[in-house]
Amino acid sequence: MENEQLPRPGAELPIEFALLSFEGKLRAAGVTTVFHGISFEDSHHDIPRSVGQAEKTCEAIDAYTGGLVDHRILYRLDVRSPEALSALARRLDQVPDGALVSHEDHTPGQGQYAVREHYERYLMGSRGMSDAEAREHVDQLIADRDGRLDIREEALVWLAARSARIRLLGHDPSSAAEIAELRDRGCAVAEFPTTIEAAEAARAHGLPVVIGAPNILRGRSHNGNASGRDLVGRGLVTALVSDYLPSGLLAAAMLLAEQGLATLPAAIGLVTAGPAEVAGLPDRGRLEPGLRADFVLVEPRRPWPVVRSVLSSWGVW
């Protein structure tokens, strides 16, 4: 939704309009429940983020009375930001138990950007930096964030203490040891494991494993991490999520079935029952009596499927 609110630099739209506009795209993709990833962090990448903006966005979603999609929040915490930790603590004190929280650390050299050169290439592509400028920027970023390791530890201890009241997702785990640490902190989900080892360990511990649909569509991670198709083929994935591309969910599921990496029912389950399990929502994601009556009518065109109609507990379109 950040792109919807800021479609180009300096052209920020009212958040209420952005929600309504984004809802239209979700409905067109057959999505009936959305978790907006709200980042509690202060950063100045291609999309500026701030703790204040996160709080305002949460308030807008709370107040939104739009129509045909169930709007919810995935709280994303930068574990090296003391301001983010304080703001998220205040926020969670105001909402019911069971909130979905992902704790993240995108410092280059570990996690998603274990190979720092991938982040440097990202900077060169998104900001037009030269090789030398990107290397210098990453050096400074690592040094600055290494000065906040005490904040990181405080955040992880706080999350572990809160884990009985929230649904905690571990973001970008890269090893079996990291999965074990996540379990010790009360994590309920392995979100975007970056290696086969981490995904195998997560399933061995009984954790759901989440992969992004864009990874499936492209056939590889954008930064050299594990291929979603490979993980699905190994039986290690329990849910596909939109990541940054809601329109990719259905296409990714159909692609997995076409390539024989999963049966069609199993592939569709990865974008329905799987995410419902991840989010702790037992009232949806499956076609059973007493659950939410959400159906999507799909035309299996080649090369990509088309959503023709959606019948939902929230309405018909």
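The structure presented is a predicted model; accordingly, all values stated were derived computationally and were not measured. Atom set for the values below is all heavy atoms of this structure, side chains included, hydrogens, waters and symmetry mates excluded.
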* **Separation of Arg301 CZ from Met254 CE (nearest 0.5 Å)** => 12.5 Å

* Hydrophobic cluster (4.5 angstrom, side-chain heavy atoms) - remaining members for Val241 -> Phe35, Leu74, Leu100, Leu169, Val189, Phe192, Val210, Val278, Leu281

* Thr238 side chain near Arg203 side chain, heavy-atom distance below 4.5 Å -> yes

* Under 3.5 Å: donor-acceptor pair, side chain of Ser102, backbone of Arg76 -> no

* Steps toward side chain to side chain contact (heavy atoms under 4.5 Å, CB included) verdict (Leu236, Glu200) -> CA-CA 6 Å; Leu236 298 174; Glu200 288 177 336; 3.6 Å; yes

* Evaluate the ring planes of His36 and Phe22, with Trp represented by its six-membered ring, and classify them as parallel (under 30°), tilted (30 to 60°) or perpendicular (over 60°). => tilted

* Structure fact -> Scanning both residues in full, the closest heavy-atom pair of Gly219 with Arg229 reads CA-NE, 3.4 Å

* **Ile61 vs Ile38, side chain to side chain contact (heavy atoms under 4.5 Å, CB included): CA-CA, chis, key distance, verdict** => CA-CA 10 Å; Ile61 293 171; Ile38 308 302; 4.1 Å; yes

* **Ser312 and Asp294: side chain donor to acceptor below 3.5 Å** => yes

* Could you tell me whether the side chain of Ser86 and the main chain of Pro82 form a donor-acceptor pair under 3.5 Å? => yes

* Kindly indicate whether the side chain of Leu19, heavy atoms from C-beta on, has any atom under 4.5 Å from the side chain of Glu4. => no

* Asked: Any side-chain heavy atom of Leu182 sitting closer than 4.5 Å to one from Pro173?
  -> yes

* To do: Side-chain contact test, heavy atoms from C-beta onward, threshold under 4.5 Å: evaluate it for Glu154 versus Leu85 and give yes or no.
  => yes

* Asked: Where the side chain of Ser21 meets the backbone of Phe17, is there a donor-acceptor pair that is under 3.5 Å apart?
  -> no

* **Heavy-atom check, side chain of Val34 versus side chain of Pro246, under 4.5 Å** => no

* For the hydrophobic clusters of this structure (ILVMFWY residues joined by side-chain heavy atoms under 4.5 Å, transitively), does one cluster hold both Leu13 and Met1? -> no

* Asked: Does some side-chain heavy atom of Ile179 sit less than 4.5 Å from a side-chain heavy atom of His205?
  -> yes

* Asked: Are any of the side-chain heavy atoms of Arg91 and Cys58 separated by less than 4.5 Å?
  -> yes

* Spatial distance of atom CG (Leu159) from atom CZ (Arg185) [nearest 0.5 Å] -> 8.0 Å

* Less than 4.0 Å between a side-chain N and a carboxylate O, is that true for Asp70 and Arg72? -> yes

* To do: Please determine, by modelled atom types, if Glu197 and Ser175 share a side-chain donor-acceptor pair under 3.5 angstrom.
  => no

* Asked: Tell me, which pairs form a ring-ring contact (aromatic ring centres under 6.0 Å, His included) where one or both residues lie in residues 261-307, sequence neighbours left out?
  -> none

* Asked: With side chains defined as the heavy atoms from C-beta onward, is the minimum distance between Val232 and Ile216 less than 4.5 Å?
  -> yes

* Output all residues satisfying side chain to side chain donor-acceptor pair (under 3.5 Å) with Glu55, sequence neighbours left out; order by chain, then residue number. => Arg90

* Check the hydrophobic clustering (I, L, V, M, F, W, Y; side-chain heavy atoms under 4.5 Å; chains of links allowed) and say if Val296 and Val306 are grouped together. => no

* To do: For the pair Thr195 (side chain) and Ser174 (backbone), establish whether a donor and an acceptor sit closer than 3.5 Å, ignoring hydrogens and angles.
  => yes

* Has the side chain of Arg218 got a donor or acceptor atom that lies under 3.5 Å from a matching backbone atom of Arg220? -> yes

* Indicate whether any N or O donor in one side chain lies under 3.5 Å from an N or O acceptor in the other, for Thr33 and Arg284. => yes

* Kindly compute the distance separating CG (Asp184) from CG (Leu156), expressed to the nearest 0.5 Å. => 12.0 Å

* Ser227 backbone acceptor or donor facing Asn215 side chain under 3.5 Å -> no

* Closest heavy-atom contact between Val69 and Arg27? -> CG2-CG, 3.7 Å

* Asked: Can Arg162 and Asp97 be counted as an ion pair, charged N to O under 4.0 angstrom?
  -> no

* Between Glu41 and Arg80, does at least one N-O distance fall below 4.0 Å, as a salt bridge requires? -> no

